[in-house]
Amino acid sequence: MEILRNFPCFSLILSMCASIISSALNGKWARRLNIFVISAIGVMSACTLYFTFVTNQCYIYKMGRFSAPWGNEIRFGNLEAVMALFFSVIMLLSILGGRKHLFVEVDPFKENLYYVLINLLMSSLLALIYTNDLFTAYVFVEINTISACGLIMIRENGHTLEAATRYMLMSLIGSGLLLFGLCILYDITGHLLMSNIKEQVLLLAQTGQYHIPLVVAIIFMGVGLAIKSALFPFHSWLPDSYGYSTASSAAILSSLVSKGYIFLLIKIFYRVIGFEIIAESRLFNVLFVFGLCGMIFGSLSAIRENDIRRMIAFSSVAQIGYIYMGFGLGTKAGMIASIFHIFSHAATKSMLFIAAVGLTDASGKSKKFIDLTGAGYRNVIAGATFTVGSLSMVGVPLFSGFISKILFAQASVSVGVNKMLPTLIVLAISTILNAIYFMKTVVRIYTPVKSDYPTIPWKQDVSYAVVCICFIICNVVLGMCSEPIVDLIRSGLAMFA
Amino acid sequence: MLDGLIANYGEAVAVLLFVIGFANLLLQKNLIKKIIGLNFMDTGTYLFLAEKGYIVGRMAPIVVDGVQDVNKYINPIPSGLVLTGIVVSVSVTALMLSLTIRLYQRYHTLNMDEISTILKKEEI
């Protein structure tokens with residue numbers, strides 16, 4: 001049993017080593033190694049979850065020789081373990097789902113480099129989940145950005161190059177702000193370990209000393225991470241980078257990369273600064289307003305879009321808006337709703353990207369809606385998956401999107417009228433807008449039409465069909481067995497601080 | 001206010017550099033100028049850290065002539081952070097420059113807006 005304590009550290013080291021080894025292997029072996037490593041990380045995260053769930057407490061694991069105030073450490077409880085498990089499952093499904101396209105869209109000599117990037121991304125996501133040190137978190141944020149940029153531009157054409165440049169520029173602004181914020185925080189507290197910073201911040205808040213630098217640090221870190229996770233006015237890079245990169249990259253970027261930054265932000269809220277002090281600084285109100293704007297404007301842009309991949313990308317902007325709106329409510333219930341939405345959105349968005357690629361394959365690789373007419377009949381499994389994803393996004397019962405919407409609505413009722421009314425109204429408007437563009441697409445792919453494009457039977461690509469079915473199961477499980485998951489998130493948050 | 005600025009002139013300069021870099025990264029159209037802005041921004045942050053980590057009258061944390069007294073040296077961690085930060089910013093700059101070279105080879109311009117316009121035309 002005790003050996004399970006080492007598993008978070010093992011999984012980090014494993015994915016880092018795998019990325020180094022992959023650079024020396026050929027594409028085929030790099031792929032096998034990658035699938036093995038991601039599965040192993042999934043199994044190890046499941047064991048960690050079992051361990052923390054049974055013992056019901058969180059653990060601190062010392063990294064290196066030095067102990068607490070100076071050294072580096074990782075810390076894990078229920079929430080971290082379930083996040084790592086979920087991320088590895090989505091990562092595995094996304095890679096398997098877009099495998100066929102990788103062969104076509106990526107230069108065969110570069111295939112192993114793709115897996116180098118995937119392993120690096122996985123290790124940085126794990127580090128963001130597990131680390132208890134703020135500067136380590138910054139370094140892994142940068143590794144995450146660099147590998148995500150690589151994932152965008154590995155399919156080399158003008159669009160992806162431009163998208164990668166825009167992505168880098170926005171991300172660098174975000175990480176510059178994050179770095180400056182944490183430098184200020186380090187200067188006024190003298191610590192880099194999250195728990196130690198929190199002790200000092202509590203002291204500072206009691207004495208009222210260094211009030212302005214503290215608020216500036218909170219704002220810099222909050223805004224920096226919000227920019228990096230594509231909160232509404234900073235989303236200009238998003239549609240191109242999700243729309244033109246290869247299918248697996250789009251699925252991974254939309255469902256995992258931005259969620260890693262959001263998880264770090266939750267960590268900063270709870271473990272570094274403390275929830276009450278953040279609430280006093282009124283950062284939540286700012287995030288609330290931008291979250292609401294994102295929910296509306298993201299959906300409006302998606303309605304105008306004429307390209308299925310870019311439409312799904314704009315829908316991401318709206319969904320990120322939901323998550324920040326949940327933060328903005330400033331209550332524990334809002335936070336739980338946001339974390340559930342992280343799961344729900346990650347499962348649904350990667351599913352939609354993988355399904356969309358199946359539909360475009362059945363329409364002569366065209367992403368335009370006009371060519372997609374009737375694609376649901378030509379590729380039955382992709383059509384069904386897309387329909388399930390759309391229903392979940394709109395918030396139809398049985399699927400995960402419904403649960404997150406109901407959690408948001410319940411959370412909003414417990415806060416004051418000032419926030420309750422806008423939340424409920426925008427939630428309703430956004431649901432209608434979601435329904436407009438997703439149902440429009442579903443109706444279009446099931447409009448019977450005589451078409452020259454050949455039908456793709458599911459037997460032609462069995463692994464793709466299996467991945468699609470796994471995605472559907474994942475979504476339905478999140479939607480129908482939400483109670484234990486919400487309980488797990490609640491107990492995880494209690495251990496978190 | 002002014003006295004505070006003069007007493008902490010190092011930090012003031014660092015913040016000024018950060019702001020200049022930030023504005024360049026956001027507002028310039030030319031990619032190379034954007035990258036220069038990025039480096040300004042990072043350098044500002046490192047200057048801030050170095051300035052905060054230095055205590056007047058103490059030495060760099062390298063043991064010289066067998067002096068073991070803790071009060072003779074400054075804290076090594078801020079300097080360590082600056083070194084780590086420099087490594088990160090060098091790698092990010094290299095990546096940005098390589099992207100810029102690719103874009104220039106393809107479109108023969110460094111202006112992001114022009115590149116976007118060309119891409120839109122290509123699509124139609």
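- Between the Y107(B) side chain and the I118(B) main chain, no donor and acceptor come within less than 3.5 Å of each other.
- Between D240(A) and R310(A) there is a salt bridge, with a side-chain nitrogen of the basic residue lying less than 4.0 Å from a carboxylate oxygen of the acidic one.
- For M153(A), the part lying under 4.5 angstrom from a heavy atom of chain B is the side chain only.
- Side-chain N or O atoms of T131(A) include none that pairs as donor or acceptor with a backbone N or O of A127(A) at under 3.5 Å.
- Counting heavy-atom neighbours within 6.0 Å of F135(A) CZ, excluding the residue itself, gives a total above 12.
- The parts of S116(B) that come within reach of chain A are both its backbone and its side chain, each placing non-hydrogen atoms under 4.5 angstrom from that chain.
- Listed by sequence position, V15(B), F18(B) are the residues of residues 9-21 of chain B in contact with chain A, using a 4.5 angstrom heavy-atom cutoff.
- Heavy-atom neighbours of K72(B) NZ from other residues, nucleotides or ligands within 6.0 Å: at or below the threshold of 12.
- At a heavy-atom cut-off of under 4.5 Å, chain A is reached by F22(B), L25(B), L26(B), L31(B) from residues 22-31 of chain B, listed in order of number.
- Proximity to chain A among residues 73-82 of chain B is limited to N75(B), I77(B), P78(B), L81(B), judged by heavy-atom separations below 4.5 angstrom.
- With a threshold of 4.5 angstrom between heavy atoms, I143(A) does not approach chain B through any atom at all.
- Side-chain contact check for S89(B) and N39(B): no donor-acceptor pair (N or O, by modelled atom type) lies under 3.5 Å.
- Under a 3.5 Å cut-off, the side chain of N119(A) and the backbone N or O of Y115(A) do form a donor-acceptor pair.
- For Y261(A) and T145(A), the side-chain atoms include at least one donor-acceptor pair closer than 3.5 Å.
- In this structure, the side chain of R102(B) does not engage the main chain of G158(A) through any donor-acceptor pair within 3.5 Å.
- Side-chain contact of N157(A) with T160(A): a donor-acceptor pair under 3.5 Å is present, judged by distance alone.
- Contact of E162(A) with chain B is made through backbone and side chain together, with heavy-atom distances under 4.5 Å.
- In this model, a donor atom of one side chain and an acceptor atom of the other lie less than 3.5 Å apart for T136(A) and N72(A).
- Ring geometry, H159(A) versus Y244(A): the interplanar angle falls under 30°, so the pair is classed parallel (tilted spans 30 to 60°).
- Every residue meeting the salt bridge (Lys or Arg N to Asp or Glu O under 4.0 Å) condition with E105(A), not counting sequence neighbours, appears here in chain and number order: R155(A).
- A salt bridge links K367(A) with D307(A); the closest basic N to acidic carboxylate O contact falls under 4.0 Å.
- Between the side chains of D371(A) and S366(A), at least one donor N or O lies within less than 3.5 Å of an accepting N or O.
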